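To keep things clear, I will list the structure first and then write my remarks on it.
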Amino acid sequence: MDQTLDQQRAAFSLDVVERVKRQMKSEEKGDEYAGYVVKLAGDILINGLGQSLAQLQAAAKDKKKEDPHYWLYEHVQEWLCKRHPYSLYAGEEDLLHAITKHDQRRYRWALVETLAWLEWHRKIAVAELKKAEGDD
């Protein structure tokens, strides 16, 4: 039985959250990551996909491997460029470069698909990584 695209989004999100759990060195990193996931959809709607992705990269600066901002950038990039079954950016190495060099149709697809994936990812990341209010 084939999975629907929505099921594939959810499965990828679960995989990502498990990787974040293994990658993080403290609970604070998971909490930070979940917070960035929650904010990203709003940032995209206000600023656009490209600017929001660039902001994630800029926030990570030189500590990319350890920074939850950059983890999120990499996860969006992995979904759109490698894991999405019908990707218009399949094989692209860098998502930010890809969205700047292709046409508006592909940009709109990336925007809509990122928001669709974030619906799942926001719920899963908050459930699995976000600290409960009052936890220190």
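Worth saying up front: this structure is predicted, and the values here are computed from it rather than measured. Here, residue 1 is the first one in the sequence, and each next residue gets the next number.
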Inset, instruction - Any chance you could lay out the salt bridge (charged side-chain N to carboxylate O under 4.0 Å, His left out) test for Lys131 and Asp31, step after step, and finish with the verdict? - result: CA-CA 6 Å; Lys131 292 191 315 188; Asp31 193 56; 5.1 Å; no
Legend entry - Distance-only donor-acceptor check, side chains His84 and Glu113, under 3.5 Å: yes
Name every donor-acceptor pair, under 3.5 Å, that has one atom in a side chain of residues 45-53 and the other anywhere in the protein, sequence neighbours excluded.
unit_1: Ser52; atom_1: OG; unit_2: Asp43; atom_2: O; d: 3.1
unit_1: Ser52; atom_1: OG; unit_2: Ile44; atom_2: N; d: 3.3
unit_1: Ser52; atom_1: OG; unit_2: Gly48; atom_2: O; d: 2.8

Inset, instruction - Treat each ILVMFWY residue as a node, draw an edge where side-chain heavy atoms are under 4.5 Å apart, and state whether Val112 and Phe12 are in one component. - result: no
Legend entry - Audit row: Lys21, Glu128, salt bridge (charged side-chain N to carboxylate O under 4.0 Å, His left out) steps and yes/no: CA-CA 9 Å; Lys21 285 180 181 179; Glu128 296 290 323; 2.6 Å; yes
Legend entry - Main-chain N/O of Tyr70 paired to Gln57 side chain as donor or acceptor, under 3.5 Å: no
Legend entry - Side chains of Leu129 and Glu32 in contact at under 4.5 Å (non-hydrogen atoms): no
Legend entry - CG on Leu14 to CH2 on Trp120, rounded to 0.5 Å: 8.0 Å
Inset, instruction - For the pair Lys29 and Glu66, evaluate salt bridge (charged side-chain N to carboxylate O under 4.0 Å, His left out) and give the outcome as yes or no after the intermediate values. - result: CA-CA 9 Å; Lys29 292 285 187 185; Glu66 304 145 14; over 6 Å; no
Legend entry - ILVMFWY cluster, Leu115 and Leu72 together (side-chain gap under 4.5 Å): yes
Distance-only criterion, 3.5 Å: show the donor-acceptor pairs between side-chain atoms of residues 95-102 and protein atoms not counting sequence neighbours.
unit_1: His97; atom_1: ND1; unit_2: Asp94; atom_2: OD2; d: 2.7
unit_1: Thr100; atom_1: OG1; unit_2: Leu96; atom_2: O; d: 3.3
unit_1: Thr100; atom_1: OG1; unit_2: His97; atom_2: O; d: 2.8
unit_1: Lys101; atom_1: NZ; unit_2: Glu92; atom_2: OE1; d: 3.4
unit_1: His102; atom_1: ND1; unit_2: Arg106; atom_2: NH1; d: 3.2
unit_1: His102; atom_1: NE2; unit_2: Glu92; atom_2: OE2; d: 2.8

Inset, instruction - State, with a plain yes or no, whether a side-chain heavy atom of Trp109 is found less than 4.5 Å away from one of Leu80. - result: yes
Legend entry - Close side-chain approach of Leu118 and Trp79, heavy atoms under 4.5 Å: no
Legend entry - Smallest separation among heavy atoms of Ala34 and Ala125, with atom names: CB-O, 3.8 Å
Legend entry - salt bridge (Lys or Arg N to Asp or Glu O under 4.0 Å) contacts touching residues 67-81 (sequence neighbours left out): Arg19-Glu78, Lys63-Asp67, Glu78-Arg83
Inset, instruction - Run through Leu40, Val37, Val16 and flag the one making a side chain to side chain contact (heavy atoms under 4.5 Å, CB included) with Val76. - result: Leu40
Inset, instruction - Report yes if the distance between the aromatic ring centroids of Tyr36 and His75 is under 6.0 Å, otherwise no. - result: no
Inset, instruction - Taking the side chain as every heavy atom from C-beta outward, state whether Glu93 and Cys81 have any pair of such atoms under 4.5 Å apart. - result: no
Inset, instruction - Taking atom NZ of Lys82 as the centre, report whether more than 12 heavy atoms of other residues, nucleotides or ligands fall under 6.0 Å from it. - result: yes
Legend entry - From Gln104 atom CD to Tyr107 atom OH, the distance as rounded to the nearest 0.5 Å: 9.5 Å
Inset, instruction - Grab the two heavy atoms, one from Trp71 and one from Met24, that are nearest each other, plus how far apart they are. - result: CH2-CA, 3.9 Å
Inset, instruction - Supply the atom-to-atom distance Tyr33 OH to Gln23 CD, rounded to the nearest 0.5 angstrom. - result: 9.0 Å
